[in-house]
Amino acid sequence: MSGDVMEIALRRGFINPSYEIYGGVSGFYDYAPLGAALKKNLEDIWRRYFVVEEGFFEISSPTISPEDVFIASGHVSNFVDPLVSCEKCGSAFRADHLISAALDIKTDGLSFKELDKLIREHKLRCPDCGGKLSEVYSYNLMFKTYIGPGRKKVGYLRPETAQGMFILFPRLYSFYRKKLPFGVAQIGKAYRNEISPRQGLIRLREFTQAEVEIFIDPKDKTHPNFSRYAEEKLRLLPQEQEDVVELTAREAVERGIVKHEFLCYYLVHTQRFLLELGIPYEKLRFRQHLREEMAHYAADCWDAEVRTQRFGWIEVVGIADRTDYDLKAHEKHSGVELRAFRQFPEPIKRRRLVLEPKMSKLGPEFKRLAGKVAEALKELPESEVERFAEQGSVEISVAEEKVTITREHAEVKEVEETITGEKFIPHVIEPSFGIDRIFYCVLENAYYQREGKNVLRLSPRLAPVKAAVFPLLNREELVKVAREIFDEVKRAGILALYDASDSIGRRYARVDEIGVPFAVTIDFDTLEDETVTIRERDSAQQVRVPRGEVAEILCDLIEGKKSFPELLS
RNA sequence: GCGGGUGUAGUCUAGUGGCAGGACCCGAGCCUCCCAAGCUCGUGACCCGGGUUCGAAUCCCGGCACCCGCACCA
């Protein structure tokens, strides 16, 4: 029963619907005490994989951006749905889809007014019931706000953390000492004003993303550490295919199923991360996006999907080759160069013809345009320069005006230049994680029942509470020692709970239900020989250890330096 | 956003117009020498707002939330 794990999550303080005392708002959840701790641990494990191990750094950018950012990224225009609803039956439709289906025309790029006009002109009716259709209205999934007083400066809550990293490219490029590839990571909140969020943590209006943007040279999509993962198996569901195929990373790339090593490296890396969280290999697959479902920026995209009992296959990670889409868009919109430099193995020497503008002529004749004319002349392709050399004139357009340039204005010169390299816009590989969804999958997979009792089989690293300290009985002499040990454990940095109420069995059951991996029990032997027992959650087995070493042993167990079976022998 | 269903303690639930009950959980105490034992006592709820009625958890209307289906999820 998968419902049970959500019941525990609610009852034991992992998550709860937000704003309950005011009736609740769908699409928002609080991480309650244990949930917040678990989420933090999950994020820390993510950091191990995608920041520390990869040699990347993490940044944190604002959640509110001026609209320029999302005009450039395409979210202002592409993140909008033109909707119409039927005034009779109430069904809502995408206006553009409805028109293109009914009239068999393309609706790409039409404005809302144009869509509206088409509906009126052709007297389109509701395809369901034939009722009258409302006006076309827009629905943008971004939350809009205003920056500062007044309504002049429009801002949006970011719908993804990615843009914050793209727009930092020049700074990051120099931070990484102008060498590609490099990656930058961010864990943070993102916001989408979903029309109707459902399914609890699976579709939230405010959610946590963990994203990495790796900037690479598009001419080299090999990965330096690919060989390390080449023989790892992946369950792949390629485009237009019904069934999962199991291939090694090497086979997937060699057969061209996954486009290149870089993408494939991150499929494997992502898989290793999800396995560490306790998600079983058989419940994992990578599904390639279909051409038509690919986001407006992506060249290739694979989703890591996890099979859940409650929701079926759900997407938890998207691993996309975003190409140069974003940097290109921001370069165009901002006017700031967002490029890297690629040095040639050997400098190229060559002679070539260039036009040298004569400013003394250009200035008086073209006045304000003169500067732009000169710039255009310098950038004229060599073939054009050659024609100019032959014909003595060329027509160029500057600031939407056509001007004719003759020998008076510019002189053809032959120069020898040494080209040491070239500039280019990097491509971006982006693994993007839905932390809330992964959180759900972790809980669902950790949950099982043992003799009718609930247990969360969370790894020590994930578990929100690492240890519990119990006196066997609620007796003064045991309580005193137990309290001392509890303090020692906490001072060692271990998040622990103390409990002396009810029977020892009940206390074990209580902590099993919230996934506490280890319980230290102080009994009457402790008073004799200064030893205590450590009980491991999953096996329910116990080992006796000197009380002075408890904190240290727990640390080793939690960090995985020692395993419990080792301790037993 | 549309249609259908549901909303009673922390959780699960009984209650179909007449004093809102139970189980588990939780708290205090007793008991208890290792896996949800027992006993005593205790805290705690009708989603919100309006209407009908002498009287509403119950009937009606509106809102909110959740579940299912449709649409949406670049």
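Reminder, nothing fancy here: chain letters follow the sequence lines and each chain counts from 1.
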request  = Both distances under 3.5 Å, Watson-Crick or G-U wobble: report the partner of B:rG1, or none.
outcome  = B:rC70

inquiry  = Measuring only the C1' atom in each nucleotide, how far is B:rG7 from B:rG49? A whole number of Å is fine.
reply    = 15 Å

Tabulated below should be each protein N or O lying under 3.5 Å from an N or O of nucleotides 62-69 of chain B; please produce it.
residue	atom	partner	partner atom	Å
B:rC64	O2'	A:Gly23	O	2.8
B:rC64	O2'	A:Gly24	O	3.3
B:rA65	OP1	A:Ser26	N	3.2
B:rA65	O4'	A:Gly23	O	3.4
B:rC68	N4	A:Arg198	NH2	3.2
B:rG69	O6	A:Arg198	NH2	2.6

query = Do A:Gln186 and A:Ser60 have a side chain donor and acceptor closer than 3.5 Å?
reply = no

task = Taking only heavy atoms on the protein side, list every residue of residues 501-511 of chain A lying under 4.0 Å from any atom of RNA chain B, sorted numerically.
result = A:Ser503, A:Ile504, A:Gly505, A:Arg506, A:Tyr508, A:Ala509, A:Arg510

request  = Measure from CD on A:Glu160 to C1' on B:rC73 and round the result to the nearest Å.
outcome  = 14 Å

message = For A:Trp302, does the six-membered ring have the charged nitrogen or CZ of A:Arg287 within the cation-pi criterion, i.e. under 6.0 angstrom from the centroid and within 45° of the normal?
response = no

request  = Classify the side chain of A:Asp523 and the base of B:rC33 as holding, or not holding, a donor-acceptor pair under 3.5 Å.
outcome  = no

Rounded distance (Å) that lies between atom P of B:rC33 and atom CG of A:Leu527 = 14 Å

query = Does A:Arg158 use its side chain to pair, donor to acceptor, with the backbone of A:Lys189 at less than 3.5 Å?
reply = yes

inquiry  = What's the separation between atom NZ in A:Lys259 and atom CD in A:Gln288, rounded to the nearest 0.5 Å?
reply    = 5.5 Å

key: Lys/Arg cation over aromatic A:Tyr508: A:Arg535, 6.0 Å, 45° cone   = yes

task = Establish whether the base of B:rC35 is bridged to the side chain of A:Arg450 by a donor-acceptor pair shorter than 3.5 Å.
result = no

request  = Please check the phosphate of B:rC73 (OP1 and OP2 only) for any side-chain N or O of A:Arg192 closer than 4.0 Å.
outcome  = no

request  = Would you mind classifying the nucleic acid contact of A:Gln542 as base, sugar-phosphate or nothing, using non-hydrogen atoms under 4.0 angstrom?
outcome  = base

ask   = Is the closest basic N to carboxylate O distance between A:Asp499 and A:Arg510 below 4.0 Å?
value = yes

key: Distance, rounded to the nearest Å, where A:Asp303 contributes CG and B:rC73 contributes P   = 15 Å

task = Write down the distance separating the C1' atoms in B:rC31 and B:rC48, rounded off to the nearest Å.
result = 46 Å

key: Donor + acceptor pair across side chains of A:Asp300, A:His289 (<3.5 Å)   = no

query = Expressed in whole Å, how much space separates the P atoms belonging to B:rC59 and B:rU6?
reply = 10 Å

query = Rounding to a whole Å, what distance do you find between A:Arg475:CZ and B:rU32:C1'?
reply = 8 Å

query = Over how many whole Å does the gap from A:Asp538 atom CG to B:rC35 atom P extend?
reply = 18 Å

inquiry  = Taking the C1' atom in each of B:rA57 and B:rC46, what is the distance between them to the nearest angstrom?
reply    = 4 Å

task = Indicate, yes or no, whether a donor-acceptor pair under 3.5 Å links the base of B:rC12 to the side chain of A:Glu7.
result = no

key: B:rC30 - base-pair partner by Watson-Crick or wobble geometry, distances under 3.5 Å   = B:rG38

request  = Look at all strands and tell whether A:Asp512 reaches a base, only sugar-phosphate, or nothing, counting heavy atoms closer than 4.0 Å.
outcome  = nothing

Pairwise P distance for B:rU58 and B:rC26, with rounding to whole Å = 32 Å

request  = Starting at atom CD of A:Glu536, determine the distance to atom C1' of B:rC34, rounded to an integer number of angstrom.
outcome  = 16 Å

query = Nearest to the side chain of A:Glu194, which nucleotide is it out of B:rC73, B:rC34, B:rU11?
reply = B:rC73

ask   = Expressed in whole Å, how much space separates the P atoms belonging to B:rG55 and B:rC12?
value = 34 Å

inquiry  = Measure CD1/A:Ile8 against C1'/B:rC24 and give the value in whole Å, please.
reply    = 13 Å

query = Does NZ or CZ of A:Arg483 lie under 6.0 Å from the centre of the six-membered ring of A:Tyr498, at an angle within 45° of the ring axis?
reply = yes

remark   = pair_partner(B:rG49), Watson-Crick or wobble, both distances < 3.5 Å, evaluates to B:rC61

Six-ring centre of A:Tyr447, A:Arg457 cation under 6.0 angstrom, axis tolerance 45° = no

task = Report the distance from atom CD of A:Glu477 to atom P of B:rU32, rounded to the nearest whole Å.
result = 12 Å

message = Tell me whether the count of non-hydrogen atoms from other residues, nucleotides or ligands lying under 6.0 Å of NZ in A:Lys283 goes above 12.
response = yes

inquiry  = Ring of A:Phe439, cation from A:Lys39 - is the NZ or CZ under 6.0 Å from the centre and inside 45° of the axis?
reply    = no

